[in-house]
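Inspection log for the structure reproduced underneath, given as structure tokens.
Residue numbering restarts at 1 for every chain, and letters A, B, ... go by the order of the sequence lines.
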2 protein chains.
Amino acid sequence: MAETTGRATMRDVAALAGVSIKTVSRVVNGEPGVAVAVRERVQDAVQRLDYRHHLAASNLRRGSSRTGLVGALLQDVSNSFSAALLRSLEDALRDRGTAILSASLDEEPERERSLVHDLVTRRVDALVLMPSTDRQDYLSSDVRAGMPVVFVDREPRGVAADSVTIDNVGGARMGTEHLLAQGHRRVACLTDLAEIYTAASRRKGFDEAYAARGIRPHERLVVTGLRGPGAAEAAVSHLLELDQPPTAIFAGRNDLAQGALRALHRSDLETSVALVGFDDFPLADLVNPPLTVIRQDVGRIGRLTAELLLDRLDGDTSAPRRVVVEPTLVARGSGEIAPAP
Amino acid sequence: MAETTGRATMRDVAALAGVSIKTVSRVVNGEPGVAVAVRERVQDAVQRLDYRHHLAASNLRRGSSRTGLVGALLQDVSNSFSAALLRSLEDALRDRGTAILSASLDEEPERERSLVHDLVTRRVDALVLMPSTDRQDYLSSDVRAGMPVVFVDREPRGVAADSVTIDNVGGARMGTEHLLAQGHRRVACLTDLAEIYTAASRRKGFDEAYAARGIRPHERLVVTGLRGPGAAEAAVSHLLELDQPPTAIFAGRNDLAQGALRALHRSDLETSVALVGFDDFPLADLVNPPLTVIRQDVGRIGRLTAELLLDRLDGDTSAPRRVVVEPTLVARGSGEIAPAP
DNA sequence: GTCCAGCCTGACAACGATGTCACCTTCACC
DNA sequence: GGTGAAGGTGACATCGTTGTCAGGCTGGAC
């Protein structure tokens, strides 16, 4: 009893209650066909021994191959977008008693591969993936083996799977055009590594907006490879010191917009240089100036993702679906600053 | 091969390679003592069948009782505090190949109990808990059975376990005193349900700051039971319409501060009414006005939590430890607004 | 040629649980 | 009193894996 190691098993309970293991199993699983007196005796023993059901053993025997586990590999669970997504998945899966294994990829391909491997080894019932790799061919055998995968934020390449994404090119074009329409011509563009699907798409939208007006962006104002807010802040500080500094900035992700804003504040230029960010975030309406953003409806994306996931878990084996959500422009002030004459 | 159900098992691999199951096991686990030719034959079969190790079965047999799973029950994974905590846990556990099962409690006691039950059933190696219950007596049998539990943000009651908390009373006292020292006398206090440990402590600190000056808070300005930013916004809007509105606000949690700030903006009072929040958050320096907060160092808390967790996982069975981190006041502007004469 | 050591390999039981099936009561009914 | 159905209960095999141990084969020493 004072043993710190080892929990009671059904065998122990059976011994204490003076019944067979199978009867304990019946009681624990609430199966009918157990005499009331016996049931009570077993329940008593369960209590006395602090018996806890062993889900893994149970699943193994049932061969149901259902572990009630779902993996969620996101960019960074502490980023508001990933965090909100995680939360809506959680809400959608709660009722099913399905638990979520979450992890952050930080845009590192190797980490994605190793974490996927780990999750497969744990026999998750399904996977939600915001990939950091270019291609996900490595996933096909697992998908073939019956593990549903739903991609979020980025489309799958090299593997057939569902996805929920937004129109990144369109969103970026809209954001950039919003600035161009106000007369800005020196618009800076901040994005992450060109290998990253969303970063490349948003950069493309930026270019397209210029092209649509028959003009070209200033190359020196286009900065890629920005890994986080710190890098964006440094890059913008540098841009502001150019002979021909930007009069407006288009930031390709919420953390880059935040870094940019911080740089503007440091130079006291937050009310002179326009700024449009991609991705809304909780306090965008309260910063100074209130931030104009291209918003993707995270709640909606989360719900759609969960919906696809649940369908697949319920046995839907139809062809992969691609769901694309249209982003919207939310004008709050920072994006409506006119260029200096 | 076209089977969508069922993965290959060691039995299948053994059959294909023409060896016994045990030999496959040896190869898969990289054990020595297998002839090179045989090893290659097995590895080939593994590849061909897309064999994936079954961790649960392996753990079951090994009886190691180590699942490489840790549970993290937090207040709300989409809240920046919980999310940052989750992230630092993840970083600390990554190297060990330990995965994290996370879930949100939303301050609902029932959810905590049911999620803990679920995690025990899954045989997590340890648990990180930001409790929503008053008392956690229900945990003692599991702790006795050898499951380490580390409490974060709130101390355990009714069970012996480690904890990492901050000095909530002291922090709230410091924040309130900061406002009183500037001459504010009508300071509003916003907190969540009085049953919540942190909410009650912060409320207590607020009262103590007043008491230390031999004065008393205005009862009508003390609002409890605020469940989220929306409630805080509504409450503050209401307070601002009183005959004797507050000249300063002390908000007992980051989301309440955000709600309060939103209400101030709506009334264009953000530069006239002082505001001090409890808990820092990523953009607090960029909002308008920059928010003065009582900061708890989330990264530090996360690291300390992980440290305790790892020690316990490594077999440390010494008496429970209580780690208390001192919060600091970060003055940014919102808390330094003087009362109207 | 015999013997033994050392190296590989596989048969078997077991981890904790559950599905299958057979057995034993009991009791109603003819 | 005999029969059969219904209701309880347990023995056993099994899920996928690994620890234990026995045994086969090889080759070198005598």
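- Using modelled atom types, one finds no donor on one side chain facing an acceptor on the other under 3.5 Å when comparing B:Glu155 with B:Ser163.
- Listed pair A:Ser58 / C:dT18 meets the phosphate criterion, a side-chain N or O lying under 4.0 Å from OP1 or OP2.
- OP1 or OP2 of C:dG19 lies within a sub-4.0 Å distance of a side-chain N or O belonging to A:Arg62.
- Listed nucleotides C:dT18, D:dG10, C:dG16 differ in distance to A:Thr23; the shortest reach to its side chain belongs to D:dG10.
- Side-chain proximity of B:Arg26 to the nucleotides D:dT18, C:dG10, C:dT18 is greatest for C:dG10.
- B:Val19 comes within 4.0 angstrom of sugar-phosphate atoms only, judged by non-hydrogen atoms across all strands, and of no base.
- One finds a side-chain N or O of A:His53 lying less than 4.0 angstrom from the OP1 or OP2 phosphate oxygen of C:dT18.
- An OP1 or OP2 oxygen of D:dT18 is reached within less than 4.0 angstrom by a side-chain nitrogen or oxygen of B:Asn29.
- Distances shorter than 4.0 Å separate none of the side-chain N or O atoms of A:Thr9 from OP1 or OP2 on C:dG16.
- The base of C:dT18 sits within donor-acceptor range of the side chain of A:Arg61, with an N or O pair under 3.5 Å.
- Of the listed nucleotides (D:dG16, C:dG10, C:dA17), D:dG16 has the atom at the smallest distance from the side chain of B:Leu60.
- Nearest-nucleotide positions on DNA chain C place B:Lys22 closer to the 5' end than the other of A:Ser25 and B:Lys22.
- For the segment residues 30-39 of chain B, residues with any heavy atom less than 4.0 angstrom from an atom of DNA chain D are, sorted by number, B:Glu31.
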